[in-house]
*Asks:* 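Below is the structure I would like to discuss, written out as structure tokens.
Model, not experiment: these values are computed from the prediction.
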Amino acid sequence: MDETVAKFIEMGFSMEMIGRAIEETGGENPEPMMILETLFKLSTSSEASSSKSKVIDELIGMGFSEELVIKAIQEHGEKNLEEITNALLSYAEAEKMHETENEDINNNYLSDDNDDTNLYSGLSSSDEENELNSFHGDGRLQDLIKMGYPRKEASIALERCGEIASLAEVVDFIFAAQMARQLDEFWAAPDEQEVLRINEPPPRRRRLNTDIASDDELIRLPNPMIGFGVPKEPGIITERPVPIPSIARGPPYFYYENVAMTPKGVWAKMSSHLYDIKPEFVDSLYFCAAARKRGYIHNLPIKNRFEIQPTPHYTIQEEFPLTKKWWPAWDKRTKLNCVLTCIASAQLTNKIRKRLEKHERDPAVQKDVVDQCKKWNLVWVGKNKAAPLEPYEMERLLGFPNNHTRGISRKDRYKSLGNSFQVDTVAYHLSVLKPLYPKGINVLSLFTGIGGGEVALHRLQIPMKLVVSVEISEVNRNIFRSFWEQTNQRGDLIEFRDVEELDDHKIEGLMDQYGGFDLVIGGSPCNNLAGANRVSRTGLEGDQSSLFYDYCRILEAVRSKASRMRRRDRYKSLGNSFQVKLKETMFLLRPRRLILLEFTPPLPLPSTDTTQLLHNAFCSKIENFKNKVFDELTTKDEKVLEIGIGTGPNMRYFAARNVNVTLLGLDPNPKMKKYARKAAVRAGLNPKNFRFMQGVGEAIPLEDGSVDAVVATLVLCTVSDVTQTLNEIKRVLRPGGRFIFLEHVAAEDGSLFRRLQKLLDPLQQILADGCHLTRNTRECILEAGFSGGAQIETVSMYSFPWVTRPHIYGVAYK
DNA sequence: GGTAACATGAATCTTTCA
DNA sequence: TGAAAGATTCATGTTACC
């Protein structure tokens, strides 16, 4: 009995409640199941009849202010939870509008001139209505950015909400996503939570219009440009002055680089798109004999950095000793300027030689020559002979191996080197990864160039288990591949030409295959940012430099997927026991009424009475329902495809209809294979008749008309493209074949439940591996064009989580 | 057709000086 | 402190040459 009580405590019930439940159940040794039922009863009723403070606490925990919660309870009574929630949502909406108005007033007040740069200034209510109504077309993203939302959040919201969404809906989505992120942080592992609590900066929901950044918002370059400190200078710090926002902390790490001297406002914009992390500006002249002013936005730790050995020479004369003999005393340079992509002409060398032969002692001539030498980075290679650096000399300055770029044209060598990292500088920053990844690292390298980041990791002796490289220049790809081969790398190198090839699906596939990325490194093109560009220095929106947004897109996809993988692994590391899952579920649910619609633990259940009872209690109630769905299958269905087979929770339903069925299981996650196979064996299916296929519903790897039936239970809520998935299902079905389905769908338009679904949709997508709450799957199926029509029933039942209802089930005929 | 040489500017930051 | 001058800058487009 003590063990049973302990289990109930572990599930989250209080001792007091368990005592009451045992008492009410009666008898000296009541059945655990009976106690459990009483506990649920008590739990549910206690939610409604508990003290006011408990209700307040819970609503505050949902993100509402204490003041509003009390107001709502006073107005609607503490027992009417639905009315209270409805009222709170209305209050929150009104408060948000009020907040917006205040910000507008403040913006106008703070604005020096009342021109049109502020979108809100002078807007009447009808103007606002017009704006809400006219929120369509290509300018939607820009509108949101002008309103102050980060581009990343805005573009995700637009993508998820769809073309016809109103401004209010998209803004609601962003707001809900912010809430979801905060909840996500709540669910972070204990060690992550500890980090989150320290120096948490207040979240910024809205920003000023940054198209024309004010002076306060500009990021100014530091002087000296030493970032968080450099080895040979005093002032190294080990804690960031401005902490990394919680959303960006922890692995996978990222490291973004670009030129320091950009048009005004560019770094502020890049920072705002990379989690508001303040850039670290470093001039490579503190590492080598040439300047290279760069900004780095990264979430790496900064403590215990170290230099790679051997360290480069610190002055021109030490790096290139042969120049000492010819170096005139009046040229005081010890450092070179930035290595650029172009070099001086041979004609300039000739001109300088001729002038010096005639006027060597003329200070004016000397100054002019030094100016030219600085401008073109010339070094003295003979008497009165100042010449540009050779490519191999640039390689040395930049920390690359000798002849790293050999084998391509001289011009391409200069171009590639001029665009590369300074390896020693980057390696200093990346050195903190060495103790973190002693067994190696998985790298996603965007805009790889000639592989400066990878050379740094190699010189740090951090094994690269995997490098996924994206580089558009064939010349650069060849250089990098050559480096990979010459250094006998043992890891896998996967190359992409264009960042656009790397969509979310590919990223997730790679992460599933290799267990995720540890580092996303890259510097997007600076062509439209660089000071040396006199033709098209058009800023971050320029043709090439706008690829920065692809870096952000890909990084976000990687971190989002990693977050889901981490959560999944966390469940596993905790034993993936039913109790753990249930405890989390019960915490989320208010009131505590639930039925698990589809849950089969990936690992065998612990054989305790309580967990088994719980499992039985939840699953028995849905069994009848699922049986009805699967009754559509007959022994004539010899070859059946199940989309999203997961761990195989439906195996017994298949086995009950046709034990000899040939079952094809499709799932994007290859790790599901072993669980699905075990489930098939447990259900009594012949393992030889079961085939697992890794893939997605949008691209089913089967021939046309090759299966008798397709089954999908709770899958269309998760796929990226419902219409495409349905088209694929039609394609692989034989004529007369049937699509059998069970899905949860959006609640009725305009209902409170629908509003809650809309609010919780982003959270659900994060917690439930991309599951959408607001899909109109019924309409999609009806419009999919199944030639034999479709029969669809709608039911409303309690489910897990409770917002995933109502449900539809039925069959569509090809 | 491919490569190399050559001519071209302005934004931004830094330094100087009144 | 602010204006002015000086210094620096992951470049581009055209032409010449092989």
*Asks:* Considering residues at least two apart in sequence or located in another chain, which fulfil the side-chain hydrogen bond (donor to acceptor under 3.5 Å, both in side chains) criterion with A:N299?
*Replies:* none

*Asks:* Dot-bracket, 5' to 3', for DNA chain C please: Watson-Crick or G-U pairs under 3.5 Å, [ ] where pairs cross earlier ones, | where the partner sits on another strand, dots elsewhere.
*Replies:* |||||||||.||||||||

*Asks:* Does A:Y314 have A:K335 sitting over its ring (NZ/CZ under 6.0 Å from centre, angle to axis within 45°)?
*Replies:* yes

*Asks:* Judged by each residue's nearest nucleotide on DNA chain C, which is more toward the 5′ side, A:D371 or A:R292?
*Replies:*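 Checking each residue's closest nucleotide, the 5'-ward one belongs to A:D371.
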
*Asks:* Could you work out, with side-chain contact (heavy atoms from CB on, under 4.5 Å) as the rule, every residue matching A:Q372, not counting sequence neighbours?
*Replies:* A:L348, A:I352, A:W376

*Asks:* Extract from the structure each pairing of a protein N or O with an N or O of nucleotides 16-18 of chain C at less than 3.5 Å, listing the distance.
*Replies:*
none

*Asks:* Quick one: label A:R410 by what it contacts on the DNA or RNA (base, sugar-phosphate, nothing), any heavy atom closer than 4.0 Å.
*Replies:* sugar-phosphate

*Asks:* Under 6.0 Å from the CD atom of A:E474, do we count more than 12 heavy atoms belonging to anything else shown?
*Replies:* no

*Asks:* Dump every N/O contact between nucleotides 14-17 of chain B and the protein below 3.5 Å, one line per pair.
*Replies:*
unit_1 : atom_1 : unit_2 : atom_2 : d
B:dT15 : OP2    : A:N223 : ND2    : 3.4

*Asks:* Tell me every residue that passes side-chain hydrogen bond (donor to acceptor under 3.5 Å, both in side chains) with A:S345, counting only those two or more places apart in sequence or in another chain.
*Replies:*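 Applying side-chain hydrogen bond (donor to acceptor under 3.5 Å, both in side chains) to A:S345 gives none.
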
*Asks:* Under 3.5 Å, is there any donor-acceptor pair linking the side chain of A:R294 to the base of C:dC10?
*Replies:* yes

*Asks:* Please work out which residues in residues 336-363 of chain A have a non-hydrogen atom less than 4.0 Å from an atom of DNA chain B and list them by number.
*Replies:* A:S345, A:A346, A:Q347

*Asks:* For B:dG9 versus C:dG6, give the span between their C1' atoms, rounded off to a whole number of Å.
*Replies:* 16 Å

*Asks:* Give the residues of residues 420-427 of chain A touching DNA chain C, defined as any heavy atom closer than 4.0 Å, sorted by residue number.
*Replies:* none

*Asks:* Carefully, step by step, assess A:F254 and A:Y275 under the rule ring-ring contact (aromatic ring centres under 6.0 Å, His included).
*Replies:* CA-CA 11 Å; A:F254 62 90; A:Y275 310 102; 5.6 Å; yes

*Asks:* List for me each residue that meets salt bridge (charged side-chain N to carboxylate O under 4.0 Å, His left out) alongside A:D331, sequence neighbours excluded, and say none if there are none.
*Replies:* A:R333

*Asks:* If the condition is side-chain contact (heavy atoms from CB on, under 4.5 Å), which residues does A:P252 pass it with, not counting sequence neighbours?
*Replies:*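 Partners of A:P252 by the side-chain contact (heavy atoms from CB on, under 4.5 Å) criterion, ordered by chain and then number, come out as A:V558, A:R559, A:A562, A:R566.
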
*Asks:* Name the nucleic acid region contacted by A:K415, choosing base, sugar-phosphate or nothing; use a 4.0 angstrom heavy-atom cut-off, strictly under.
*Replies:* nothing

*Asks:* Quick check on DNA chain B: between A:D412 and A:V535, whose nearest nucleotide comes earlier from the 5' end?
*Replies:* A:D412

*Asks:* Between A:S524 and A:K411, which has a closest nucleotide on DNA chain C that is more 5'?
*Replies:* A:S524

*Asks:* Does A:S546 have any side-chain contact (heavy atoms from CB on, under 4.5 Å) partners at least two apart in sequence or in another chain, and if so, which?
*Replies:*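 So A:S546 forms a side-chain contact (heavy atoms from CB on, under 4.5 Å) with A:Y549.
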
*Asks:* List the residues meeting side-chain contact (heavy atoms from CB on, under 4.5 Å) with A:Q461, not counting sequence neighbours, and say none if there are none.
*Replies:*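 Expected list: A:K434.
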
*Asks:* Just call it for A:S284: base, sugar-phosphate, or nothing, with non-hydrogen atoms closer than 4.0 Å on any strand.
*Replies:*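 Touches nothing.
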
